[in-house]
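Both counts, for ligands and for their atoms, begin at 1 and track the order of listing.
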Amino acid sequence: MAKEYSFLKNFTFKNGVTIKNRVVIPPMTEVSSFEDGSISTDELKYLQMRAGGVGLFISPVANVSENGKGFEGELSITDDRFIPGLTKVASAMKLGGSKAVLQIFHAGRMSNSKILRGAQPVSASAVAAERPNAETPKELSNEEIEGIINDFGEATRRAIQAGFDGIELHGANTYLLQQFFSPHSNRRTDKWGGSLENRMRFPLAVIKSVHDAVEKFADRPFLVGYRISPEEIETPGIRMTDTLKFIDVLANQSIDYLHVSMGYAWRTSLNDKSDTEPLILKIKKQLNGRLPLICVGSVETPKEAAKVTDKGIEMVAIGREILREPKWVQKVENDDEGSIRYTISEQDLDDLGITQPMWNFLIFRLKSAMHISNQPDYNPEQFKNKLAPHEGA
Ligand SMILES: Cc1cc2nc3c(=O)[nH]c(=O)nc-3n(C[C@H](O)[C@H](O)[C@H](O)COP(=O)(O)O)c2cc1C
């Protein structure tokens with residue numbers, strides 16, 4: 001009986017916000033905003049189509065600073081002039097009772113001078129990412145770091161004014177928050193780098209800036225989430241021992257949930273192949289109930305989603321599958337699982353509200369990961385113990 005799935009039960013966060021079920025749409029950029037970062041009507045349609053089923057809907061990422069843009073077609077939250085458009089985004093995502101969280105970030109060295117219209121990308125240190133054609137970023141000055149911390153606070157104020165139910169800090173997938181935490185991208189010797197404690201300083205300062213904005217501007221309970229990538233494969237790079245220490249510190253901050261970015265929910269360590277315990281279970285153990293968790297990665301069927309929440313993990317995020325099946329939750333609730341689509345084809349794009357730029361992105365960047373019906377090379381095993389698309393350098 002559908003109604004008995006553990007992911008269909010509601011969940012109340014410590015700050016009082018209740019979500020009607022434990023299914024989450026994770027942040028997925030549609031690369032369909034206008035060049036200046038304002039929302040397009042095509043994107044609003046895409047969001048509206050997916051709202052209402054899930055308890056929590058996390059938006060595509062928005063950049064908080066001009067030099068923090070990571071890709072073309074990305075949402076911007078760098079200025080008050082974006083508030084009217086973002087208000088439409090929040091309304092679209094809240095249709096039918098989903099709670100709407102805006103993901104915010106600074107891309108740091110994961111950008112390039114074409115996207116930044118001639119400007120050099122910035123990061124903790126002048127170290128290029130280990131990927132083809134990565135540009136060497138400029139090391140941020142102390143003043144510039146303080147400016148970006150302030151930009152995160154300003155973005156939070158704008159998200160509150162636009163009517164969102166919360167923001168998620170994108171501390172994963174090798175963007176700037178992670179770049180400060182990582183010994184690969186952060187080689188600084190001042191207070192922002194060096195020891196593990198110093199490498200946590202920037203993320204913690206950003207959390208404080210966001211918290212201050214919530215205290216000052218929110219007239220309602222407002223969620224603050226934090227997304228991490230648990231490991232890096234570069235040397236030096238983030239290892240699970242660092243992450244577990246970071247999680248201990250995060251558990252004592254003013255945040256409402258932790259979201260772990262992985263391509264496969266039950267992934268084991270990428271670095272220590274002898275360790276067979278799924279990372280998500282290690283993280284859950286470390287949190288020991290101090291923060292609720294969102295788990296993500298290749299979850300497609302109701303049975304796979306239930307496996308996550310049956311383990312006591314509070315929320316399960318379903319990304320690519322909800323691209324293919326916007327009404328996934330409604331179909332499960334209505335005992336109509338047989339009609340859930342698990343493949344996608346170019347003929348479905350209008351039905352699914354997927355724009356041509358998004359389709360191009362899915363085809364060029366994620367082709368083998370999308371279950372495209374006429375592409376036989378899809379291999380669901382491929383993310384089990386590897387970085388997923390979007391997750392690494
Ligand atoms: C088209 C697409 C865009 C994405 N954009 C973002 C993003 O803006 N922010 C982010 O944190 N993750 C992003 N991701 C990663 C997803 O949030 C998610 O972690 C990943 O797709 C694994 O979940 P899944 O197996 O359920 O798809 C994106 C993934 C896809 C497929």
(request) Can you sort out which atoms of ligand 1 are near R320, meaning under 4.0 Å from one of its heavy atoms? (result) 24 (P), 25 (O), 26 (O), 27 (O), 31 (C)
(request) Using a 4.0 Å heavy-atom threshold (strictly under), name the region of R227 that reaches ligand 1: side chain, backbone, both or neither. (result) side chain
(message) Distance under 4.0 Å to a non-hydrogen atom of N173: what atoms of ligand 1 satisfy this?
(response) 10 (C), 11 (O), 12 (N)
(request) Using only heavy-atom distances, determine whether the side chains of T355 and S32 contain a donor-acceptor pair under 3.5 Å. (result) yes
(request) May I ask you to list the atoms of ligand 1 that are less than 4.0 angstrom from any heavy atom of V61? (result) 8 (O)
(message) Salt bridge or not between E197 and R201? Use side-chain N to carboxylate O under 4.0 Å.
(response) no
(message) Show every salt bridge (Lys or Arg N to Asp or Glu O under 4.0 Å) that has at least one partner inside residues 242-254, sequence neighbours left out.
(response) D248-R290
(request) Output the list of atoms in ligand 1 that are nearer than 4.0 Å to some heavy atom of G297, sorted by atom number. (result) 25 (O)
(request) For P26, take its heavy atoms, then give the atoms of ligand 1 lying under 4.0 Å from any of them. (result) 17 (O)
(message) Give the atom numbers and elements of ligand 1 that come within less than 4.0 Å of a heavy atom of S298.
(response) 24 (P), 25 (O), 26 (O)
(request) Check ligand 1 against F361 and write out every atom of the ligand that is under 4.0 Å from a heavy-atom position of the residue. (result) 1 (C)
(request) Could you list which atoms of ligand 1 come closer than 4.0 Å to a heavy atom of Q103? (result) 7 (C), 8 (O), 9 (N), 10 (C), 11 (O)
(request) Check whether any side-chain heavy atom of I228 sits under 4.5 Å from a side-chain heavy atom of F246, and report yes or no. (result) yes
(request) Tell me which one of P27, A265, G171 gets a heavy atom nearest to atom 7 (C) of ligand 1. (result) P27
Atom pairs and distances, donor-acceptor, side-chain atoms in residues 307-319, under 3.5 Å, two or more places apart:
from, atom 1, to, atom 2, distance (Å)
T309, OG1, S6, OG, 2.8
T309, OG1, F7, N, 3.4
T309, OG1, A305, O, 3.4
D310, OD1, S6, OG, 2.5
E314, OE1, L293, N, 3.0

